[in-house]
Amino acid sequence: MSIIRVALDKPLNILFDYLAPAGVTKQDIGCRVFVPFGKGRMAGVIMEVASHSDISPDKIKQADQVFRDVPPLPPELLDLFRFCSEYYHHPLGEVVMNGLPARLRSSQPFFIRTAPAIFQYRLTAKGRAVDISAIPGRSIAGRKLLVKLKESGMIEDGEAKQFSRRTSEVMKEFVALQWVEEIPVAPPVVPASSPQETQALPVLTTAQKNAIDAIVPKMGEFNTWLLHGVTGSGKTEIYLRLISLLLRQARQTLVLVPEINLTPQLEAIFRARFPGVRLASLHSGLNPTERAEGWVQAQLGEAEIILGTRLAVFTPLPRLGMIIVDEEHDLSFKQQEGLRYSARDVAVFRAKRAGIPIVLGSATPSLETYYNAITRRYLLLRLPSRAADNASLPTVHCIDIGKIKTQEGFSPPVITALEKCLASNQQSLVFINRRGYAPILLCRACGWTAVCHRCASRLVVHLREKKLRCHHCGHQAGFPSLCPECGNQDIAPFGHGTQRIEAALTRLFPHARIARIDRDSTRRKNSWQRILKDIREQRVDMLVGTQILAKGHDFPNLSLVSILNPDASLFSTDFRASERLFAQLMQVAGRAGRSGTLGEVLIQTEFPDHPLYRALRQHDYDTLARMLLEERKTARFPPFVHQALLRADAPAIATALAFLANAATMAKAPHQIEVFDPVPAQMARLKGMERAYLLVQSRSRKKLQEFLGSWRTKLDSLPSHKVRWTLDIDPLEF
DNA sequence: AGCACGCCGACT
DNA sequence: GTCGGCGTGCTC
């Protein structure tokens, strides 16, 4: 027992053997270890302990130090890493180290703060006497804090921290001034055996009740449940009931959500429902230490609910009882670089191994998931109507802009509807999936358009900043006054983006309060949360925005959704474009009329009879999904085949294509495997790199995997000057 | 991936 | 004469 095999963050598909430090046993498998490597030293994870090594003894170095600061990674997690390494054909060391929070990847030991201190801050008599003007006006955090304290007398740590990053400092000053006193709160005993659900629980709809009755008897076994519920049908309430059940059994629940935007919302709901229950929130908005702390709490079994984005699927969870993947169709579950894993698929595998249920929730399931459900590999639960008493699904109308002319992007019926909405104090939403002022800068004389020189894309006009921007690489350019091609002055923005629509709305409705919501307007930290608050508190009449608005937010007073130009992706070359467009439109449409008021959705299109819009009008996901599945079947697309992409990047497209051609010859297409011709990627140039890919597919996942395994060893030995290649399993983008 | 070693062009 | 280009090969 003197050799340890260590996973290191290196693009090599091997473990590295080291002489173990004294006293190392099999108990240390899963511990982090510090080792010499090349001329430096680095941190890794002990994957195996062995008695001998095949490496010649003179090469083997002595490992420096085994870290026992946190418990070793449990065997199930190491298995999960091995599975990912094999399935995604990615080096094990990179998989393992990618799964650890950054703070634990470093060579610094991590000191667990035992019993993370929770404090209450109570306003003293002295503090009560302080006038708000005693705090300088520029100390916004200080003022907010004092106002809050005067309102409620006391505040908890966690709540205070939400005001601003400065809060803890300010609070220290308050304590020093004896305005507040600090009272330690005893942390809840672990595990909280009975969740204190104090408030009256909402009455369940029949569909919700049926769903819960179906899952509850099978809580102890693996099943993949698809919870297919229209927007507003109350999926969250089902999650809450199931979690509550697990809390009573002292088991942990892992909840995966798409992106950080939704995390605070769901976190607030969970905390309100289960006060006193330890919830670890793992998202990219945390600093490395916070992230590691949440992770360790999960690993120690202290955190009972773990809420996080895709990376959270790799959290060690000793008492895991269920996994929930909310908005399972969301693309952000798939990592698009490095280890290209799908957190949703990894979660299903993890649940299967652990013998626990997994619930995939969506109003618009991915076709892969839906297919699994209708073929009974997954168990399907439906919530066909909205949960709130008086809420029904919005009416959807198409406006044929082939027949009715638009002005500044708006057709007369949309303008009228917006007017009516404004007059009756209802909020409206204008959806246009394009940031910036206009997508194109065009010379009317010669047809020249501004393009990015690093990407195969057009530059987008950002009028306010007087800049042209590439939305793919971030490149910025000034605004030319003449056409660089023909010298003509007649160059102008063409088409509509959110900024232009916002400007048009401001002209049309000068008295309306208009908010633009896109990546540009929500870039700054907390600005999205602020806008959301403004919307909820009715300080906004009209919202203009991109797909950010489509995602899971509840706008109670919103009654009109206008969708401006969705046609572009109807006839796209990407076979998933229709599925995505439909999901997106269904999601935005679902923002309308979620409580009380009847919602209305207006779609401006040149193809009002297209089946996609017909399905949308009838809120009929199933018919369209089945139709799209039929198309996929005849065209031999997923989910009827399994795909893998060999991607190659090179400075010149010919180099990338030549490499792929070589790779294709090596493949010697075995039985049941289709190897296609190398082709340039959709975005043929990105950030100065030319990109191409080679598609491989098979009806048998197993056959495809076997093939990929042997192919990859050959690829490793292929000359690849100037070419960077990766395998992308179950690719979503081409 | 880094980072070495190694073999050929323009510079103080 | 060297400094440095990046092609090739190794890391326990």
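Below, chains carry the letters A, B, ... as their sequence lines are ordered, and counting in each starts from 1.
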Q: What does A:Ile60 touch in the nucleic acid at a heavy-atom separation under 4.0 angstrom: a base, only the sugar-phosphate, or nothing?
A: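 Sugar-phosphate: the residue A:Ile60, judged by heavy atoms under 4.0 Å, touches backbone atoms but no base.
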
Q: Rounding to a whole Å, what distance do you find between A:Ile55:CD1 and C:dC10:P?
A: 13 Å

Q: Figure out the NZ/P separation between A:Lys61 and C:dC10, and round it to whole Å.
A: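 Taking NZ of A:Lys61 and P of C:dC10, I get 15 Å after rounding.
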
Q: Verify side chain to side chain donor-acceptor pair (under 3.5 Å) between A:Arg82 and A:Tyr87, making sure each step is shown before the conclusion.
A: CA-CA 8 Å; A:Arg82 285 189 199 97; A:Tyr87 184 77; over 6 Å; no

Q: Generate the contact string for nucleotides 1-7 of chain B. Rules: B means base contact, S means sugar-phosphate contact only, - means no protein heavy atom under 4.0 Å.
A: B-SS---

Q: Tell me: CZ of A:Phe16 to P of C:dC12, nearest whole Å?
A: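 Result: 7 Å.
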
Q: Would you say the rings of A:Phe333 and A:Tyr341 are close, in the sense that their centroids are separated by under 6.0 Å?
A: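 Not under 6.0 Å, so no.
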
Q: Determine whether the side chains of A:Gln672 and A:Ser700 contain a donor N or O and an acceptor N or O closer than 3.5 Å.
A: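 Per modelled atom types, A:Gln672 and A:Ser700 side chains form no pair under 3.5 Å.
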
Q: Report yes or no: do A:Ser572 and A:Asp574 form a side-chain donor-acceptor pair below 3.5 Å?
A: no

Q: With a 3.5 Å cut-off and no angle check, do the side chains of A:Asp518 and A:Thr546 form a donor-acceptor pair?
A: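 No, because no side-chain N or O of A:Asp518 sits under 3.5 Å from a partner of the opposite role on A:Thr546.
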
Q: Nearest whole Å is fine: how far is C:dC12 C1' from A:Leu8 CG?
A: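 Taking atom C1' of C:dC12 as the reference, CG of A:Leu8 is at 9 Å.
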
Q: Would you tell me whether A:His462 and A:Arg469 have side-chain atoms, one donor and one acceptor, within less than 3.5 Å of each other?
A: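 Judged by distance alone, the side chains do pair up.
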
Q: Side chains of A:Ser362 and A:His329 only: does a donor on one sit below 3.5 Å from an acceptor on the other?
A: yes

Q: Which residue in the set A:Tyr88, A:Phe222, A:Phe83 passes ring pair (Phe, Tyr, Trp, His ring centres under 6.0 Å) when paired with A:Phe349?
A: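 That would be A:Phe83.
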
Q: Is there any protein nitrogen or oxygen under 3.5 Å from a nitrogen or oxygen in nucleotides 4-9 of chain C, and what are the pairs?
A:
unit_1: C:dT8; atom_1: OP2; unit_2: A:His721; atom_2: ND1; d: 2.9

Q: Hey, are A:Gln682 and A:Thr573 close enough side-chain-wise for a donor-acceptor pair under 3.5 Å?
A: yes

Q: Figure out the CG/C1' separation between A:Asp9 and C:dT11, and round it to whole Å.
A: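 Rounded to whole Å, this separation is 14 Å.
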
Q: Could you check how far CE of A:Met42 sits from P of C:dC12, rounded to whole Å?
A: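 Value for this atom pair: 10 Å.
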
Q: Measure the distance from CD1 on A:Ile14 to C1' on C:dT11 and round it to the nearest whole Å.
A: 7 Å

